[in-house]
Structure formats: structure tokens, C-alpha cells
Amino acid sequence: MKFIALLRFTRFRVTLPGITGPLQSRSFQPDFVPRDPREKPKRYKYPAFYDPYGPRPPPSEKVIQLAEQIAALPPEERCQISHAIQQRARHPKMVPISVEGMDLGGPSAGSAKAEEKKPEKTAFDVKLEKFDAAAKIKVIKEVRAFTNLGLKEAKELVEKVPAVLKQGVTKEEANDIIEKIKTAGGVAVME
């Protein structure tokens, strides 16, 4: 019996495949060095706290002075500091608003200047107000002619009257579009 136990012990000795595992092979890992099972695990020195942004530069001299001043305050005043900071964050410094060119209700020369400076409008929008039900197809054809829309899109645009047909056109082009819509049986206006 002692012989069988000795045979089993020598036969099932721990070898390299036993350490690396059944699915690993030495041919795939030529630089693999098996760990000694009697070796103690390595101890790593971890930092006291985790900072995901890495090391930071030391605070400036001004920040250090402020911290020392705050630390020297009594506890009642320290509580007031946090309240004051919160109020300052909610209500930033008020900036006076310039009232130049604004009409504040009274007759003044400032309002006359504002009216004179109003630039003349150069870009206009053409809006389809309404159309005759019998002339719907003609209006759709005219809308397709100057908007480059497909039949379905032009039909949907005409059906959701009042709708803006074209934006940012010159006065002459807008008048031309309005005339074409009028001859087709619709009413368009320039805005």
C-alpha cells in the first residue's frame, strides 16, 4: 500500500502545465515564468485617496493667505462666509444698463434719432394668405415653379394656408411672385 501511495505521489507531481492551467501552453507564452506557489503576494502601496485628475500643482500664495484668514475667524463668521458665497453665486454683480436710444415714455430727441436710423428693409418674405378652391392645382403649379419643391411638398405647403412660400427675396422678386400667385387664383402678401 505504501508503494501505491508513493507511485501516486510521484506520478501526479505539480509540473509546469499544472501551474499554467490546462488550456495554456508553453509554446504560446515563451516569456511566461510561473509564479512560485510558496511565494507571498506582493504588497502595493496605495495612495490615501484616489484623485482621477492626477497630481495637482500646489495652491498659490494668495489662496494660502485666504485659507489662513478663514481659519483664523470664529465659527459664527465662518458660517456667514458660506452663506455670502452662495448669495454672490445666485446674484452676480449688477451692471447698469445703458438707456441711450431707448424711449422711456417722454418726448425726447432720442426717439426721433432711433426712427431716423431704421434701415430700409431689403429682404422680404412671401406669404400665401388664401386661394380659390377651384384654382388649387394652378396655385400648386406656381408654388412648385419658384420653390423647387416636389408635388407632394408643394401640395402640403398650399394646404396649410397661411404659409410662408419663400423667405429672404428682393422686393422685385417678391412682387413678381405675388403677381403670379394672383393670376393663378391665390392671394399672397409681402412681409
Side-chain angles (χ1 to χ4, degrees), residues 46-67 69-70 73 77-191:
Y46 293 107
F49 60 90
Y50 175 69
D51 187 6
Y53 303 108
R56 296 182 184 169
S60 67
E61 194 63 37
K62 187 176 181 181
V63 173
I64 292 172
Q65 289 175 358
L66 282 172
Q69 289 175 0
I70 291 171
L73 292 174
E77 291 182 8
R78 272 189 255 153
C79 292
Q80 292 174 359
I81 289 175
S82 65
H83 180 68
I85 291 173
Q86 288 174 356
Q87 287 295 324
R88 183 65 111 177
R90 275 194 223 127
H91 305 291
K93 185 178 179 184
M94 303 297 263
V95 178
I97 298 173
S98 173
V99 293
E100 184 182 330
M102 295 177 72
D103 188 15
L104 299 176
S108 66
S111 62
K113 287 181 184 176
E115 290 175 11
E116 290 174 11
K117 291 182 181 178
K118 190 182 288 185
E120 188 176 325
K121 193 172 180 182
T122 57
F124 297 92
D125 297 342
V126 179
K127 185 176 183 181
L128 180 65
E129 290 288 323
K130 57 184 176 180
F131 60 91
D132 187 25
K136 181 177 177 181
I137 296 173
K138 292 179 185 176
V139 172
I140 291 172
K141 284 182 181 179
E142 287 299 324
V143 168
R144 282 189 66 200
F146 60 81
T147 57
N148 297 328
L149 292 175
L151 182 62
K152 182 180 176 186
E153 292 86 9
K155 182 182 176 215
E156 290 172 357
L157 184 67
V158 169
E159 287 176 349
K160 62 176 185 178
V161 168
V164 177
L165 298 177
K166 200 153 187 180
Q167 295 179 335
V169 295
T170 62
K171 191 170 186 175
E172 295 81 26
E173 190 177 350
N175 286 331
D176 186 40
I177 292 170
I178 290 171
E179 287 300 318
K180 287 181 181 178
I181 295 288
K182 188 175 182 181
T183 56
V187 177
V189 292
M190 181 173 28
E191 295 180 342

Visitor: Between the side chain of Glu153 and the main-chain N/O of Gly150, is any donor-acceptor distance below 3.5 Å?
Guide: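 Indeed, once roles are kept as given, a pair shorter than 3.5 Å links the two residues.
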
Visitor: Any chance you could measure Ile140, atom CD1, to Leu149, atom CG, to the nearest 0.5 Å?
Guide: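 Output value for this atom pair is 11.5 Å.
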
Visitor: Quick one: closest heavy-atom pair of Val161 and Phe131, and the distance?
Guide: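 Closest approach of Val161 to Phe131: CG2-CE2, 3.4 Å.
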
Visitor: Nearest 0.5 Å, what's the CD1-CD1 distance between Ile81 and Ile70?
Guide: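 So the CD1 of Ile81 and the CD1 of Ile70 are separated by 4.5 Å.
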
Visitor: If you look only at pairs with a residue in residues 130-146, which of them pass as a salt bridge (charged side-chain N to carboxylate O under 4.0 Å, His left out), with sequence neighbours excluded?
Guide: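 Residue pairs passing salt bridge (charged side-chain N to carboxylate O under 4.0 Å, His left out), neighbours aside: Lys136-Glu159.
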
Visitor: How close do Ala184 and Ala135 get, heavy atom to heavy atom, and via which atoms?
Guide: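 The pair with the smallest heavy-atom distance is O-CB, 3.1 Å.
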
Visitor: How about Ile178 and Val187: do any of their side-chain heavy atoms sit closer than 4.5 Å?
Guide: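 They are not in contact (no side-chain heavy atoms under 4.5 Å apart), so the answer is no.
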
Visitor: Of all heavy-atom pairs between Pro59 and Ile64, which one has the smallest distance, and what is that distance?
Guide: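 So the minimum-distance heavy-atom pair works out to O-CD1, 3.9 Å.
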
Visitor: Gly185 and Val139: which non-hydrogen atoms are nearest, and at how many Å?
Guide: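 Nearest heavy atoms, Gly185 then Val139: C-CG2, 4.2 Å.
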
Visitor: Considering all heavy atoms of both residues, which atom of Ile177 and which atom of Phe146 are nearest to each other, and what is their separation?
Guide: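 Scanning both residues completely, I find the closest heavy atoms to be CG2-CZ, 3.4 Å.
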
Visitor: Not counting sequence neighbours, list each pair that qualifies as a salt bridge (charged side-chain N to carboxylate O under 4.0 Å, His left out) and has a residue in residues 175-191.
Guide: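 Applying salt bridge (charged side-chain N to carboxylate O under 4.0 Å, His left out) to every pair that reaches into residues 175-191, excluding sequence neighbours, yields Lys127-Glu191, Asp176-Lys180.
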
Visitor: Which residues satisfy the side chain to side chain contact (heavy atoms under 4.5 Å, CB included) test with Gln167, sequence neighbours excluded?
Guide: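 Side chain to side chain contact (heavy atoms under 4.5 Å, CB included) check on Gln167 returns Asp125, Val164.
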
Visitor: Side chains of Val169 and Val126, heavy atoms from C-beta outward: is any pair under 4.5 Å?
Guide: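 Yes. Closest side-chain heavy atoms under 4.5 Å.
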
Visitor: Are Val158 and Lys155 close enough, and set up right, to give a side-chain contact (heavy atoms from CB on, under 4.5 Å), and what steps lead you there?
Guide: CA-CA 5 Å; Val158 169; Lys155 182 182 176 215; 6.0 Å; no

Visitor: Where is the tightest heavy-atom contact between Leu157 and Ala163, given as atom of each residue plus distance?
Guide: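 Nearest heavy atoms, Leu157 then Ala163: O-CB, 3.7 Å.
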
Visitor: How long is the straight-line distance from CG of Leu165 back to CD of Glu129, given to the nearest 0.5 Å?
Guide: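 Glu129 CD to Leu165 CG: 10.0 Å, rounded to 0.5 Å.
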
